[in-house]
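I have placed the structure first, in the form of C-alpha cells, so that the comments after it can refer back to it.
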Amino acid sequence: MSQLKQMSHIDSAPSTPGKFKMDKASYFNRVRWHTSLAKLAVWSFVFLAAILIFFFRSPASSPIQADPSRRSLRTYNWGGPVWEKRVRSSARVRSRNGFAVLVTGAAGFVGTHVSAALKRRGDGVLGIDNFNDYYDPSLKRARQALLERTGVYIVEGDINDETLLRKLFEVVPFTHVMHLAAQAGVRYAMENPGSYVHSNIAGFVNLLEVCKSVNPQPAIVWASSSSVYGLNTKVPFSERDRTDQPASLYAATKKAGEEIAHTYNHIYGLSLTGLRFFTVYGPWGRPDMAYFFFTRDILKGKAISIFEAANHGTVARDFTYIDDIVRGCLGALDTAEKSTGSGGKKRGPAQLRVFNLGNTSPVPVSELVSILERLLKVNAKRNIMRLPRNGDVQFTHANISYAQRELGYKPTTDLQSGLKKFVRWYLNYYSGGKKAVE
Ligand SMILES: O=C(O)[C@H]1O[C@H](OP(=O)(O)OP(=O)(O)OC[C@H]2O[C@@H](n3ccc(=O)[nH]c3=O)[C@H](O)[C@@H]2O)[C@H](O)[C@@H](O)[C@@H]1O
C-alpha cells in the first residue's frame, strides 16, 4: 500500500521544478490503471459471490427435487479418538450373550424403533444414516435425539462409503448387521430412479462387500418388501410364490437385493435373512406414506385422493404396526446363525432366509380413511381416483406361517388400535397434543 502511494507520488512530481506541467499521457494512464483496478475488484467480487451462492445454496426442500448424486457428494465428518470412543461406547454390549449390532438407516422409521428395542434389552447398537432429504430431515433429527437419549449414537454417513464402513468394523467387531437403510416409497421411483439404484443396489452391495471381508463376518438381517409380489393375484402371498413381476422400480430393486443376498450367501458364506415388510405404520412414521399424509391433509381440510381399481375395485393393504415389525426383526436377529466365511472365503454352507412380516388382515384404503376420520373427529374431503399406473398394486396380504414357526412372529395390533397410537403421537409431535383422541 505504502509502495503504491510512493509510486503514485513519484509519478505526479513535476518534471521541471517550479513549473507544474500536466503530463496528459501519464494522467490518463493513471486513470485507466485505477479504473481497471476497480473493475478487477468488482469482477472478483461478483465471481466470489457466484461461487459462494453455488456452494451454500439451501438444499431442495421437496423430495421430488432431491438429487441422489448431490447426496452422494456430501462429505461427512468422522474419525478421531473422541469419535471412536463414542462409537465403541454406543456398541458396547451390556447383557450376557448380547449382540453388537450395526443398524443402517437408524434415523429412519423402522431403524429408530429397532435400535431402541435392541438397546433396551442390552445389545450394543451403533447406527449409521445419511440423513437425506427424501422427506423432512428434521423428523430424522428428532428420532436421532430420541435415540441419543437411550445411548445410541448414529454415525452420519452413507452405506456407499466403503472406507467408513471398514473403519466401523475396525473399531467394533459387529456380530450382526440390521440393514434398514434404503430408498423407500413405491411411487417416487418414477421421479428419481437413480436414488433407488444408489441406495438399494449399490449401497447394499457395498455393505455386503465389507461384511464378507471382515473377520468375524457378521450375520445380516435386512429389509426387503411386500412389493416383490408385484402383480401376483393369488392371496395370501407366500414366500414360495413367484416374485418375478414387480410393478415398480422400487420393488425391482428389493427383488434384486434378494438375488444379491443369494449370491453373497453362496460365494462368501454370509448368513442373510430378508424380511418382506407389509406397509409398516405407527408413531414416528414416514411422512411420504398415505396414512401419514392423509392425517396431515384431513386436519388441514385438504382433499385426499383415495385410489380404487377398475370397476370400483377395492384397493387394500395388509397394514402392519411398527411394534409387531420390531418383534419380527428381533426374532430374525435372535435366530440368525453365524456366517461361515473368513478371510473373504466361504468355509461351509450358511443360512439364507426370506420371511413375510405382515398382519394377515388386509384393510381397504377407504376404511383406513374412515378410521382416521373417527380418531381425528374431522371428515375427510374424499377424492376417489383410479389407481394410477405408477407402481402401486391393488392389494397385499401376507401369509405369515413361516415367520410364526421360525421367528415366533405373531402380530397383535389391528389397524384401529395402531392408528390410535399413531394419531396420538402425531398430534403431540406437530401440535403439542392439543387435540383429543377418542
Ligand atoms: O409394503 C411395502 O413393502 C411397502 O409399503 C409401503 O408402500 P404402500 O403399501 O404403497 O404404502 P402407501 O404409499 O402408504 O400406500 C398405502 C395405500 O394407500 C393408497 N394410496 C396412496 C396414496 C394416495 O394418494 N392415495 C391412496 O389411496 C395406495 O394405493 C396403497 O394402497 C411403503 O411406502 C414402501 O416403502 C414399502 O416397501
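This is a predicted model, so every value here is computed, not measured. Ligands are counted one by one from 1 in listed order, and the atoms in each one are counted from 1 as well.
Note on ligand 1: Leu387 sits in its first shell, one or more heavy atoms being nearer than 4.0 Å. In this structure, Arg286 has a heavy atom closer than 4.0 Å to ligand 1.
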Show the atom names and distances, to 0.1 Å, of all donor-acceptor pairs under 3.5 Å that link a side chain in residues 358-369 to residues at least two apart or in another chain.
| residue | atom | partner | partner atom | Å |
| --- | --- | --- | --- | --- |
| Asn359 | ND2 | Ser361 | OG | 2.9 |

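Of all atoms in ligand 1, numbered sequentially from 1 with element shown, those under 4.0 Å from a heavy atom of Ala290 are 12 (P), 14 (O), 15 (O), 16 (C), 18 (O), 21 (C). Heavy-atom contacts of Thr279 reach the following atoms of ligand 1: 1 (O), 2 (C), 5 (O), 9 (O), 11 (O) (cutoff under 4.0 Å). Taking every heavy atom of Ser227 and a limit of under 4.0 angstrom, the matching atoms of ligand 1 come to 3 (O). Listed by number with element, the atoms of ligand 1 under 4.0 Å from a non-hydrogen atom of Ala184 are 35 (O). Listed by number with element, the atoms of ligand 1 under 4.0 angstrom from any heavy atom of Ser225 are 2 (C), 3 (O), 37 (O). Residue-ligand proximity, Phe293 to ligand 1, at heavy-atom distances under 4.0 Å covers atoms 22 (C), 24 (O). Each of the atoms 27 (O) of ligand 1 lies under 4.0 Å from some heavy atom of Ile306. For ligand 1, the atoms sitting less than 4.0 Å from at least one non-hydrogen atom of Phe278 are 1 (O), numbered in the order shown with element in parentheses.
No hydrogens or angles considered: nothing links the side chains of Arg296 and Tyr426 as a donor-acceptor pair under 3.5 Å. The closest side-chain donor-acceptor pair between Arg382 and Ser370 falls under 3.5 angstrom. Between Arg187 and Ser248, the side chains place no donor N or O within less than 3.5 Å of an acceptor N or O (distance only, hydrogens not considered). Asp288 and Tyr134 form a side-chain donor-acceptor contact under 3.5 Å, judged by distance and modelled atom types alone.
With Thr320 contributing its side chain and Asp318 its backbone, the two residues share a donor-acceptor pair below 3.5 Å. Between the side chain of Lys346 and the main chain of Thr340, no donor-acceptor pair closer than 3.5 Å is present.
Taking the centre and axis of the six-membered ring of Tyr135, the NZ or CZ atom of Lys140 falls inside the cone set by 45° and 6.0 Å.
Contact annotation for Asp288 and ligand 1: no heavy atom of the residue comes within less than 4.0 Å of the ligand. Counting heavy atoms closer than 4.0 Å to ligand 1, residue Lys254 contributes nothing at all. Here Phe294 has side-chain heavy atoms under 4.0 Å from ligand 1, and that is the only part of it that gets that close. Using a 4.0 Å cut-off between heavy atoms, Val365 contacts ligand 1 through its side chain alone, with no backbone atom that close. Residue contacts with ligand 1, taken as heavy atom pairs separated by less than 4.0 Å, involve Met289 via backbone and side-chain atoms alike.
Separation of the Phe292 and Phe422 ring centroids falls under the 6.0 Å cut-off.
Residue, atom and distance of the protein heavy atom nearest to atom 2 (C) of ligand 1 are Ser226 OG, 3.2 Å. Considering only non-hydrogen protein atoms, atom 28 (C) of ligand 1 sits nearest to Asp392 OD1, 3.7 Å. Considering only non-hydrogen protein atoms, atom 8 (P) of ligand 1 sits nearest to Arg317 NE, 3.8 Å. The protein non-hydrogen atom at the shortest distance from atom 13 (O) of ligand 1 is Arg187 NH2, 2.6 Å.
Polar contact with ligand 1: present for Phe307 (N/O pair, distance under 3.5 Å). Considering backbone and side-chain atoms alike, Val186 places every N or O at 3.5 Å or more from each N or O of ligand 1. The N/O atoms of Ser305, backbone and side chain alike, include one that comes under 3.5 Å of an N/O atom in ligand 1.
Side-chain contact check for Arg121 versus Asp123: some heavy-atom pair is nearer than 4.5 Å. For the pair Arg353/Leu272, no side-chain contact is recorded, criterion being any heavy-atom separation below 4.5 Å from C-beta on.
Only one option out of Asn232, Asn399, Thr243 pairs with Phe237 in a side chain to side chain contact (heavy atoms under 4.5 Å, CB included); it is Asn232.
The heavy atom nearest to atom 37 (O) of ligand 1, out of those in Phe277, Phe395, Tyr229, Tyr250, is found in Tyr250.
Nearest approach of Ser339 to Gln217, heavy atoms of both residues: CB-OE1, 3.3 Å.
Within the structure, the ring-ring contact (aromatic ring centres under 6.0 Å, His included) test picks out no pair touching residues 379-400 (sequence neighbours left out).
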